[in-house]
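Remarks on the structure that follows.
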Protein chains: 2
Amino acid sequence: MNIGAAAERANLPSKTIRYYEDIGLIKPGRADNGYRDYSDEDVHRLQFLQRSRSLGFTIEECRTLLSLYDDESRASADVKEIAREKIKKVDAKIAELQSLRSTLNVLVKNCHGDQRPDCPILDDLAGHKVGAAEPQSA
Amino acid sequence: MNIGAAAERANLPSKTIRYYEDIGLIKPGRADNGYRDYSDEDVHRLQFLQRSRSLGFTIEECRTLLSLYDDESRASADVKEIAREKIKKVDAKIAELQSLRSTLNVLVKNCHGDQRPDCPILDDLAGHKVGAAEPQSA
DNA sequence: ACTTGACCTTACATTGACTGGAAGCTTTAG
DNA sequence: CTAAAGCTTCCAGTCAATGTAAGGTCAAGT
(Lines give C-alpha, C1' and ligand atoms only; values in the text may rest on other atoms or scores of the structure.)
Protein backbone atom coordinates (compact mmCIF):
# COMPACT_ATOMS: atom_id res chain seq x y z
CA MET A 1 0.00 0.00 0.00
CA ASN A 2 1.13 3.58 -0.68
CA ILE A 3 2.30 5.98 1.99
CA GLY A 4 -1.01 7.84 2.14
CA ALA A 5 -2.98 4.74 3.03
CA ALA A 6 -0.36 3.68 5.59
CA ALA A 7 -0.46 7.17 7.06
CA GLU A 8 -4.21 6.95 7.49
CA ARG A 9 -4.05 3.52 9.14
CA ALA A 10 -1.26 4.51 11.51
CA ASN A 11 -2.70 7.93 12.21
CA LEU A 12 0.57 9.59 11.31
CA PRO A 13 1.33 12.24 8.64
CA SER A 14 3.10 10.92 5.54
CA LYS A 15 5.80 13.44 6.22
CA THR A 16 6.48 11.90 9.62
CA ILE A 17 6.56 8.40 8.16
CA ARG A 18 9.22 9.44 5.66
CA TYR A 19 11.13 10.99 8.53
CA TYR A 20 10.94 7.72 10.48
CA GLU A 21 12.41 5.99 7.46
CA ASP A 22 15.20 8.57 7.24
CA ILE A 23 16.26 7.81 10.79
CA GLY A 24 16.03 4.07 10.26
CA LEU A 25 12.93 3.15 12.23
CA ILE A 26 11.19 1.50 9.31
CA LYS A 27 12.22 0.20 5.89
CA PRO A 28 9.30 -0.29 3.51
CA GLY A 29 9.75 -1.92 0.12
CA ARG A 30 9.49 0.00 -3.14
CA ALA A 31 7.07 -0.53 -5.99
CA ASP A 32 8.21 -0.47 -9.63
CA ASN A 33 7.29 3.19 -9.96
CA GLY A 34 9.53 4.14 -7.03
CA TYR A 35 6.68 4.61 -4.57
CA ARG A 36 7.12 3.24 -1.06
CA ASP A 37 5.11 0.07 -0.52
CA TYR A 38 3.95 -0.68 3.02
CA SER A 39 3.06 -4.20 4.17
CA ASP A 40 0.65 -4.91 7.02
CA GLU A 41 3.69 -5.59 9.16
CA ASP A 42 5.08 -2.15 8.27
CA VAL A 43 1.79 -0.54 9.20
CA HIS A 44 1.89 -2.44 12.47
CA ARG A 45 5.31 -0.97 13.25
CA LEU A 46 4.03 2.50 12.40
CA GLN A 47 1.11 2.03 14.76
CA PHE A 48 3.53 0.89 17.44
CA LEU A 49 5.54 4.06 16.87
CA GLN A 50 2.44 6.25 16.93
CA ARG A 51 1.33 4.79 20.22
CA SER A 52 4.70 4.89 21.93
CA ARG A 53 5.40 8.44 20.75
CA SER A 54 1.99 9.54 22.01
CA LEU A 55 2.92 8.05 25.39
CA GLY A 56 5.88 10.38 25.51
CA PHE A 57 8.70 7.99 24.67
CA THR A 58 11.52 9.67 22.75
CA ILE A 59 12.50 8.45 19.31
CA GLU A 60 15.51 6.67 20.78
CA GLU A 61 13.33 4.98 23.38
CA CYS A 62 10.96 3.94 20.62
CA ARG A 63 13.89 2.48 18.75
CA THR A 64 14.80 0.41 21.80
CA LEU A 65 11.20 -0.63 22.41
CA LEU A 66 10.84 -1.69 18.78
CA SER A 67 13.99 -3.77 18.97
CA LEU A 68 12.70 -5.40 22.15
CA TYR A 69 9.42 -5.97 20.37
CA ASP A 70 11.30 -7.66 17.53
CA ASP A 71 13.32 -9.76 19.94
CA GLU A 72 11.24 -12.83 20.74
CA SER A 73 13.45 -13.69 23.72
CA ARG A 74 13.46 -10.32 25.46
CA ALA A 75 12.72 -10.14 29.16
CA SER A 76 9.67 -8.17 30.16
CA ALA A 77 11.80 -6.69 32.95
CA ASP A 78 13.78 -4.74 30.33
CA VAL A 79 10.66 -3.15 28.96
CA LYS A 80 9.27 -2.44 32.41
CA GLU A 81 12.47 -0.64 33.36
CA ILE A 82 12.20 1.69 30.38
CA ALA A 83 8.61 2.50 31.26
CA ARG A 84 9.51 3.11 34.90
CA GLU A 85 12.30 5.48 33.92
CA LYS A 86 9.85 7.34 31.72
CA ILE A 87 7.41 7.69 34.61
CA LYS A 88 10.19 9.17 36.72
CA LYS A 89 10.94 11.74 34.05
CA VAL A 90 7.27 12.59 33.67
CA ASP A 91 6.97 13.02 37.44
CA ALA A 92 9.96 15.34 37.51
CA LYS A 93 8.52 17.44 34.70
CA ILE A 94 5.14 17.64 36.44
CA ALA A 95 6.79 18.79 39.68
CA GLU A 96 8.76 21.44 37.84
CA LEU A 97 5.66 22.76 36.11
CA GLN A 98 3.70 22.81 39.34
CA SER A 99 6.42 24.87 40.95
CA LEU A 100 6.35 27.31 38.03
CA ARG A 101 2.62 27.46 38.25
CA SER A 102 2.68 28.35 41.89
CA THR A 103 5.18 31.15 41.36
CA LEU A 104 3.21 32.55 38.43
CA ASN A 105 0.07 32.35 40.50
CA VAL A 106 1.58 34.39 43.30
CA LEU A 107 2.63 37.03 40.79
CA VAL A 108 -0.79 37.20 39.19
CA LYS A 109 -2.53 37.34 42.56
CA ASN A 110 -0.36 40.28 43.57
CA CYS A 111 -0.99 42.27 40.41
CA HIS A 112 -3.94 44.63 40.57
CA GLY A 113 -4.32 44.35 36.80
CA ASP A 114 -5.71 47.77 35.99
CA GLN A 115 -4.65 50.72 33.84
CA ARG A 116 -2.00 51.95 36.22
CA PRO A 117 1.60 51.36 35.24
CA ASP A 118 2.98 49.86 38.43
CA CYS A 119 3.07 46.09 38.18
CA PRO A 120 4.34 43.55 40.75
CA ILE A 121 4.94 41.00 38.00
CA LEU A 122 7.43 43.19 36.19
CA ASP A 123 8.90 44.22 39.53
CA ASP A 124 9.54 40.59 40.31
CA LEU A 125 11.02 39.85 36.91
CA ALA A 126 13.29 42.83 37.38
CA GLY A 127 14.52 41.26 40.60
CA HIS A 128 12.48 43.06 43.27
CA LYS A 129 11.03 40.48 45.62
CA VAL A 130 7.26 40.33 45.68
CA GLY A 131 6.95 38.99 49.20
CA ALA A 132 6.07 35.29 48.67
CA ALA A 133 7.09 32.03 47.02
CA GLU A 134 10.81 31.75 46.32
CA PRO A 135 11.93 31.31 42.70
CA GLN A 136 12.60 27.53 42.61
CA SER A 137 14.63 27.97 39.41
CA ALA A 138 13.53 25.48 36.76
CA MET B 1 32.14 45.17 31.78
CA ASN B 2 33.02 42.18 29.57
CA ILE B 3 30.60 39.43 28.68
CA GLY B 4 32.07 36.99 31.22
CA ALA B 5 31.36 39.30 34.14
CA ALA B 6 27.88 40.11 32.83
CA ALA B 7 27.24 36.38 32.43
CA GLU B 8 28.20 35.76 36.02
CA ARG B 9 26.00 38.57 37.34
CA ALA B 10 23.00 37.51 35.26
CA ASN B 11 23.56 33.81 35.87
CA LEU B 12 23.47 33.11 32.12
CA PRO B 13 26.12 31.49 29.89
CA SER B 14 28.02 33.95 27.67
CA LYS B 15 26.87 31.90 24.73
CA THR B 16 23.25 32.54 25.62
CA ILE B 17 23.87 36.25 26.05
CA ARG B 18 25.37 36.48 22.55
CA TYR B 19 22.35 34.59 21.30
CA TYR B 20 20.02 37.08 22.98
CA GLU B 21 21.90 39.84 21.18
CA ASP B 22 21.56 37.97 17.86
CA ILE B 23 17.81 37.93 18.24
CA GLY B 24 17.66 41.56 19.28
CA LEU B 25 16.84 41.30 22.98
CA ILE B 26 19.83 43.33 24.09
CA LYS B 27 22.31 45.70 22.44
CA PRO B 28 25.47 46.25 24.50
CA GLY B 29 28.08 48.78 23.45
CA ARG B 30 31.51 47.81 22.15
CA ALA B 31 34.92 48.60 23.59
CA ASP B 32 37.84 49.71 21.39
CA ASN B 33 39.12 46.15 21.14
CA GLY B 34 35.79 44.93 19.77
CA TYR B 35 34.69 43.31 23.01
CA ARG B 36 31.09 43.74 24.07
CA ASP B 37 30.73 46.20 26.93
CA TYR B 38 27.79 45.74 29.31
CA SER B 39 26.43 48.56 31.45
CA ASP B 40 24.59 47.98 34.72
CA GLU B 41 21.39 48.63 32.81
CA ASP B 42 22.33 45.89 30.32
CA VAL B 43 22.99 43.47 33.16
CA HIS B 44 19.63 44.41 34.59
CA ARG B 45 17.93 43.45 31.33
CA LEU B 46 19.84 40.15 31.27
CA GLN B 47 18.68 39.39 34.79
CA PHE B 48 15.13 40.19 33.74
CA LEU B 49 15.51 37.72 30.85
CA GLN B 50 17.03 35.05 33.07
CA ARG B 51 14.15 35.32 35.52
CA SER B 52 11.38 35.39 32.95
CA ARG B 53 12.85 32.49 30.97
CA SER B 54 13.19 30.47 34.19
CA LEU B 55 9.50 31.11 34.79
CA GLY B 56 8.75 29.44 31.48
CA PHE B 57 8.00 32.46 29.32
CA THR B 58 9.04 31.94 25.70
CA ILE B 59 11.57 34.23 24.08
CA GLU B 60 8.79 36.08 22.29
CA GLU B 61 6.89 36.53 25.54
CA CYS B 62 10.07 37.82 27.13
CA ARG B 63 10.42 40.28 24.29
CA THR B 64 6.91 41.56 24.98
CA LEU B 65 7.49 41.68 28.72
CA LEU B 66 10.71 43.63 28.22
CA SER B 67 8.96 46.13 25.98
CA LEU B 68 6.26 46.53 28.61
CA TYR B 69 8.97 46.95 31.20
CA ASP B 70 10.52 49.69 29.07
CA ASP B 71 7.15 51.38 28.57
CA GLU B 72 6.62 53.65 31.55
CA SER B 73 2.95 54.06 30.73
CA ARG B 74 2.01 50.39 30.30
CA ALA B 75 -1.05 49.05 32.10
CA SER B 76 -0.43 46.31 34.64
CA ALA B 77 -3.47 44.55 33.15
CA ASP B 78 -1.46 43.83 29.99
CA VAL B 79 1.26 42.11 31.96
CA LYS B 80 -1.24 40.24 34.10
CA GLU B 81 -2.93 38.88 31.00
CA ILE B 82 0.33 37.45 29.66
CA ALA B 83 1.00 35.76 32.98
CA ARG B 84 -2.52 34.36 33.13
CA GLU B 85 -2.21 32.92 29.62
CA LYS B 86 1.05 31.32 30.64
CA ILE B 87 -0.60 29.72 33.67
CA LYS B 88 -3.27 28.28 31.40
CA LYS B 89 -0.64 26.74 29.17
CA VAL B 90 1.24 25.34 32.15
CA ASP B 91 -1.99 23.84 33.50
CA ALA B 92 -2.73 22.21 30.16
CA LYS B 93 0.76 20.73 30.01
CA ILE B 94 0.46 19.41 33.57
CA ALA B 95 -2.87 17.76 32.78
CA GLU B 96 -1.43 16.14 29.68
CA LEU B 97 1.55 14.77 31.60
CA GLN B 98 -0.65 13.47 34.37
CA SER B 99 -2.73 11.60 31.85
CA LEU B 100 0.41 10.08 30.33
CA ARG B 101 1.64 9.18 33.75
CA SER B 102 -1.53 7.35 34.57
CA THR B 103 -1.44 5.33 31.36
CA LEU B 104 2.22 4.46 31.85
CA ASN B 105 1.46 3.47 35.42
CA VAL B 106 -1.25 1.05 34.34
CA LEU B 107 1.15 -0.54 31.88
CA VAL B 108 3.92 -0.91 34.45
CA LYS B 109 1.51 -2.31 37.02
CA ASN B 110 0.36 -4.93 34.55
CA CYS B 111 3.84 -6.07 33.58
CA HIS B 112 5.25 -8.90 35.69
CA GLY B 113 8.78 -7.65 34.91
CA ASP B 114 10.69 -10.91 34.97
CA GLN B 115 12.80 -12.89 32.51
CA ARG B 116 9.86 -14.20 30.53
CA PRO B 117 9.33 -12.68 27.09
CA ASP B 118 5.62 -11.89 27.25
CA CYS B 119 5.09 -8.24 28.14
CA PRO B 120 1.82 -6.33 28.49
CA ILE B 121 3.58 -3.05 27.81
CA LEU B 122 4.73 -4.13 24.36
CA ASP B 123 1.34 -5.73 23.77
CA ASP B 124 -0.29 -2.41 24.46
CA LEU B 125 2.11 -0.48 22.27
CA ALA B 126 1.39 -2.98 19.53
CA GLY B 127 -2.27 -2.16 19.85
CA HIS B 128 -3.60 -4.98 22.03
CA LYS B 129 -5.72 -3.48 24.78
CA VAL B 130 -4.42 -4.09 28.27
CA GLY B 131 -7.74 -3.72 30.01
CA ALA B 132 -7.60 -0.24 31.57
CA ALA B 133 -7.01 3.50 30.99
CA GLU B 134 -7.83 4.65 27.47
CA PRO B 135 -5.07 6.27 25.39
CA GLN B 136 -5.95 9.97 25.72
CA SER B 137 -3.71 10.79 22.77
CA ALA B 138 -1.33 13.62 23.60
C1' DA C 1 60.77 39.31 24.75
C1' DC C 2 58.23 35.29 24.90
C1' DT C 3 54.89 32.10 26.18
C1' DT C 4 50.99 30.34 28.40
C1' DG C 5 46.32 30.52 29.45
C1' DA C 6 42.08 32.83 30.09
C1' DC C 7 38.95 35.41 27.74
C1' DC C 8 37.05 37.42 23.75
C1' DT C 9 35.45 37.41 18.59
C1' DT C 10 32.76 35.36 14.47
C1' DA C 11 30.59 31.77 11.93
C1' DC C 12 28.71 27.43 11.21
C1' DA C 13 26.70 22.87 12.79
C1' DT C 14 23.85 20.26 15.89
C1' DT C 15 20.13 19.16 18.96
C1' DG C 16 14.68 16.75 18.81
C1' DA C 17 11.08 15.65 16.22
C1' DC C 18 9.19 17.01 13.02
C1' DT C 19 6.93 20.49 9.43
C1' DG C 20 6.77 23.39 5.19
C1' DG C 21 7.80 24.23 0.63
C1' DA C 22 9.80 23.75 -4.06
C1' DA C 23 10.35 21.22 -8.24
C1' DG C 24 9.31 17.39 -10.63
C1' DC C 25 7.47 12.56 -11.36
C1' DT C 26 3.06 9.11 -11.75
C1' DT C 27 -1.46 7.93 -11.37
C1' DT C 28 -6.36 8.56 -11.47
C1' DA C 29 -10.82 10.78 -12.72
C1' DG C 30 -13.51 13.12 -15.86
C1' DC D 1 -6.32 15.43 -22.86
C1' DT D 2 -6.05 17.67 -18.89
C1' DA D 3 -6.34 18.64 -14.18
C1' DA D 4 -5.88 17.19 -9.65
C1' DA D 5 -4.20 14.28 -6.32
C1' DG D 6 -0.51 11.74 -4.70
C1' DC D 7 4.10 10.38 -4.87
C1' DT D 8 9.38 11.45 -5.06
C1' DT D 9 13.74 14.03 -3.26
C1' DC D 10 15.98 17.76 -1.20
C1' DC D 11 16.52 21.90 1.43
C1' DA D 12 15.00 25.23 4.98
C1' DG D 13 12.76 26.39 9.24
C1' DT D 14 11.07 25.63 14.01
C1' DC D 15 12.78 26.72 19.48
C1' DA D 16 16.28 28.02 22.43
C1' DA D 17 20.07 27.33 22.91
C1' DT D 18 24.75 24.59 22.78
C1' DG D 19 29.15 22.74 20.59
C1' DT D 20 32.96 23.46 17.88
C1' DA D 21 36.48 25.66 15.11
C1' DA D 22 39.62 29.17 14.06
C1' DG D 23 41.37 33.10 15.39
C1' DG D 24 42.24 37.91 18.04
C1' DT D 25 43.40 40.12 22.80
C1' DC D 26 45.00 40.59 27.33
C1' DA D 27 47.40 39.86 31.83
C1' DA D 28 50.79 37.25 34.38
C1' DG D 29 54.99 34.83 34.82
C1' DT D 30 59.75 33.55 33.31
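Here is how names work: the chains are called A, B, and so on, in the same order as the sequence lines, proteins then strands, and each is numbered from 1.
Shown for residues 13-20 of chain B: residues whose heavy atoms fall under 4.0 angstrom of DNA chain C, namely B/Lys15, B/Arg18. For the contact set between residues 36-48 of chain A and DNA chain C, defined by any heavy atom under 4.0 Å, there are no members.
With contacts defined as side-chain heavy-atom distances shorter than 4.5 Å, the pair B/Leu55/A/Leu125 qualifies. Inter-residue side-chain proximity for B/Arg53 and B/Cys62 is flagged as met; some heavy-atom pair is nearer than 4.5 Å. Between B/Phe48 and A/Leu122 there is a side-chain heavy-atom pair separated by less than 4.5 Å. At least one side-chain heavy atom of A/Ile82 sits under 4.5 Å from a side-chain heavy atom of A/Leu68.
Across the protein-nucleic acid pair, A/Ile59 atom CD1 and C/dT14 atom P stand 19 Å apart, rounded to whole Å. The interatomic distance linking A/Glu21 (CD) with C/dT19 (C1') rounds to 17 Å, in whole Å. We find that CD of B/Glu8 is positioned 14 Å from C1' of C/dA6, with the value rounded to whole Å. The CG-P distance, from A/Leu49 to C/dA17, rounds to 12 Å in whole Å. In this structure, A/Glu61 places its CD atom 9 Å from P of C/dA17, rounding to the nearest Å.
Side-chain atoms of A/Asp42 and A/Ser39 form a donor-acceptor pair, as typed in the model, at a separation below 3.5 Å. Using modelled atom types, one finds no donor on one side chain facing an acceptor on the other under 3.5 Å when comparing A/Asp70 with A/Ser67.
In plain terms, the two heavy atoms of B/Lys80 and A/Cys111 that are nearest each other are NZ-O, 2.6 Å. Contact record, A/Ile17 with A/Ala7: CD1-CA, 3.5 Å, taken as the closest heavy-atom pair. A/Pro120 and A/Leu107 get closest at one heavy-atom pair: O-CD2, 4.3 Å. Contact detail for A/Asp37 and A/Ala31: the closest heavy-atom pair is CB-N, 4.1 Å.
Taken from NZ in A/Lys27 to CD in A/Glu21, the straight-line distance is 8.5 Å, to the nearest 0.5 Å.
One finds no salt bridge joining B/Arg74 and B/Glu81 here, because no Lys/Arg side-chain nitrogen approaches an Asp/Glu carboxylate oxygen to under 4.0 Å.
Identified under the side chain to side chain donor-acceptor pair (under 3.5 Å) test for residues 2-18 of chain A, with sequence neighbours left out: none.
Side-chain atoms of B/His112 come within 3.5 Å of backbone N or O of B/Asp118 as a donor-acceptor pair. Judged by distance alone, the side chain of A/Lys86 and the main-chain N or O of A/Phe57 form no donor-acceptor pair under 3.5 Å.
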Every protein N/O lying under 3.5 Å from an N/O of nucleotides 27-30 of chain C:
from, atom 1, to, atom 2, distance (Å)
C/dT27, OP1, A/Asn33, ND2, 3.3

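When DNA chain D is scanned 5' to 3' for any atom under 4.0 Å from a heavy atom of chain B, the first and last hits are D/dA16 to D/dC26.
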Apply side-chain contact (heavy atoms from CB on, under 4.5 Å) to A/Ile59 and A/Tyr20, showing your working.
CA-CA 9 Å; A/Ile59 289 286; A/Tyr20 286 169; 3.5 Å; yes
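Using five terminal pairs a side, the axes of the helix from C/dA1-D/dT30 to C/dG30-D/dC1 at its two ends make an angle of 20°, given in steps of 10 degrees.
An OP1 or OP2 oxygen of C/dC8 is reached within less than 4.0 angstrom by no side-chain nitrogen or oxygen of B/Arg30.
Within the 4.0 angstrom heavy-atom criterion, only backbone atoms of the sugar-phosphate kind lie near A/Ile3; the bases stay farther away.
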